[in-house]
Amino acid sequence: MGKTKPTVTVPDGPSPDYLDITDIEIGDGPEATVGQEVTVHYVGVSHSTGQQFDASWDRGDTFSFPLGAGRVIKGWDMGVKGMKVGGRRQLVIPAHLGYGNRGAGSAIKPGETLIFVVDLVAVS
């Protein structure tokens with residue numbers, strides 16, 4: 001694909017109440033639909049701090065999951081749907097569509113809004 005790890009910018013202002021989707025680059029490949037296995041590269045940062053908490057790019061490996069099966073946070077199932085292979089999308093995911101009030105270990109505090117830049121690498 002020739003893409004490189006993106007820089008994630010925290011939007012100004014308060015975090016959104018609902019999922020905010022921004023296409024950075026629209027792909028020209030097949031579209032991701034519910035029931036397909038999707039393969040992505042991503043970077044995730046905390047809205048409150050702007051600090052990265054995870055990135056598939058840093059591991060040098062993509063991440064695959066069945067779209068719409070509830071295996072990932074709800075904001076991902078909702079936000080990756082409709083992407084086309086080769087696309088890059090920013091997802092701003094409020095806590096109720098992410099890890100909620102429980103957070104995720106020490107990396108994501110309770111009630112945190114998450115920002116991901118996701119590249120759709122493949123669908124099958």
Side-chain angles (χ1 to χ4, degrees):
M1 244 173 59
K3 291 191 180 197
T4 57
K5 180 181 173 183
T7 300
V8 181
T9 304
V10 176
D12 291 332
S15 57
D17 293 329
Y18 206 67
L19 177 64
D20 183 48
I21 298 172
T22 304
D23 282 312
I24 298 168
E25 184 179 330
I26 296 174
D28 57 7
E31 184 173 322
T33 59
V34 170
Q36 292 179 310
E37 183 85 4
V38 296
T39 302
V40 299
H41 248 319
Y42 66 90
V43 176
V45 303
S46 297
H47 188 275
S48 64
T49 65
Q51 296 297 307
Q52 177 183 304
F53 57 81
D54 192 17
S56 63
W57 291 94
D58 294 352
R59 291 187 295 280
D61 199 9
T62 55
F63 174 69
S64 299
F65 64 97
L67 188 61
R71 302 261 179 91
V72 292
I73 58 174
K74 191 175 278 190
W76 266 42
D77 271 338
M78 295 167 65
V80 172
K81 185 175 75 174
M83 284 185 77
K84 291 185 176 182
V85 171
R88 176 172 279 183
R89 183 176 275 183
Q90 179 173 285
L91 307 175
V92 182
I93 304 173
H96 72 278
L97 297 175
Y99 293 97
N101 290 326
R102 71 182 187 279
S106 61
I108 300 171
K109 70 181 186 177
E112 182 68 70
T113 294
L114 309 174
I115 304 167
F116 288 95
V117 173
V118 179
D119 293 321
L120 184 59
V121 176
V123 297
S124 58

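Note that the numbering runs from 1 along the sequence shown for the chain. We use all heavy atoms of the structure for the numbers below, so side chains are in, but hydrogens, waters and symmetry mates are not.
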Is there a path of hydrophobic side-chain contacts, each under 4.5 Å between heavy atoms, that joins Ile24 and Val45?
yes
Quick check: closest heavy atoms across Val34 and Gly68, and the distance to 0.1 Å?
CG1-CA, 4.2 Å
Hey, any chance Phe53 and Val118 share a hydrophobic cluster, counting ILVMFWY side chains that come within less than 4.5 Å of each other, even indirectly?
yes
Paired with Val72, the side-chain contact (heavy atoms from CB on, under 4.5 Å) test is passed by just one of Val38, Leu67, Asp77, namely Asp77
Rounded to the nearest 0.5 Å, how far does CD1 of Ile108 lie from CD1 of Ile73?
7.0 Å
Do the side chains of Asp28 and Lys84 get nearer than 4.5 Å, heavy atoms only?
no
Can you see which heavy atom on Pro16 is nearest to which on Pro94, and at what distance?
O-CB, 3.4 Å
Side-chain heavy-atom pair Phe116, Asp54 within 4.5 angstrom cut-off
no
Would you say the ring centroid of Trp76 lies under 6.0 angstrom from that of Phe65?
yes
If you take all heavy atoms of Pro66 and Glu37, which pair is closest and at what distance?
N-OE1, 3.6 Å
Donor on one side chain, acceptor on other, Ser48 and Glu112, under 3.5 Å
yes
Examine the side chains of Thr62 and His41 and answer whether a donor and an acceptor come within less than 3.5 Å of each other.
no
How many angstroms lie between atom CG of Asp23 and atom CZ of Arg89, to the nearest 0.5 angstrom?
4.0 Å
side-chain contact (heavy atoms from CB on, under 4.5 Å) test vs Thr49 passes for just one of Gln52, His47, Gln51, namely Gln51
Can you tell me how far apart CG (Asp119) and CH2 (Trp57) are? Round to the nearest 0.5 Å.
5.0 Å
Starting from Leu120, can I reach Leu19 by hopping between I/L/V/M/F/W/Y residues whose side chains sit under 4.5 Å apart?
yes
Does any N or O in the side chain of Asp20 come within less than 3.5 Å of the main-chain N or O of Val92, such that one atom is a donor and the other an acceptor?
no
Are Val117 and Leu91 connected into the same hydrophobic cluster when the rule is that any two of I, L, V, M, F, W, Y join if their side-chain heavy atoms are below 4.5 Å apart?
no
Should the pair Lys81-Glu31 be classified as a salt bridge under the 4.0 Å nitrogen-to-oxygen rule?
no
Polar side-chain atom of Thr113 near backbone of Ser15 as donor-acceptor pair, under 3.5 Å:
no
Which residue pairs pass the ring pair (Phe, Tyr, Trp, His ring centres under 6.0 Å) test with at least one member in residues 5-27, sequence neighbours excluded?
none
Between Phe63 and Ile115, is there a shared hydrophobic cluster once you connect ILVMFWY residues whose side-chain heavy atoms come closer than 4.5 Å?
no
Does a salt bridge link Asp58 with Lys5, judged by any charged N lying under 4.0 Å from a carboxylate O?
yes
Evaluate the side-chain proximity of Ser124 to Gln36: yes if any heavy-atom separation is below 4.5 Å, no if none is.
no
I would like to know whether Lys3 and Glu25 meet salt bridge (charged side-chain N to carboxylate O under 4.0 Å, His left out); could you show each step before the answer?
CA-CA 11 Å; Lys3 291 191 180 197; Glu25 184 179 330; 3.5 Å; yes
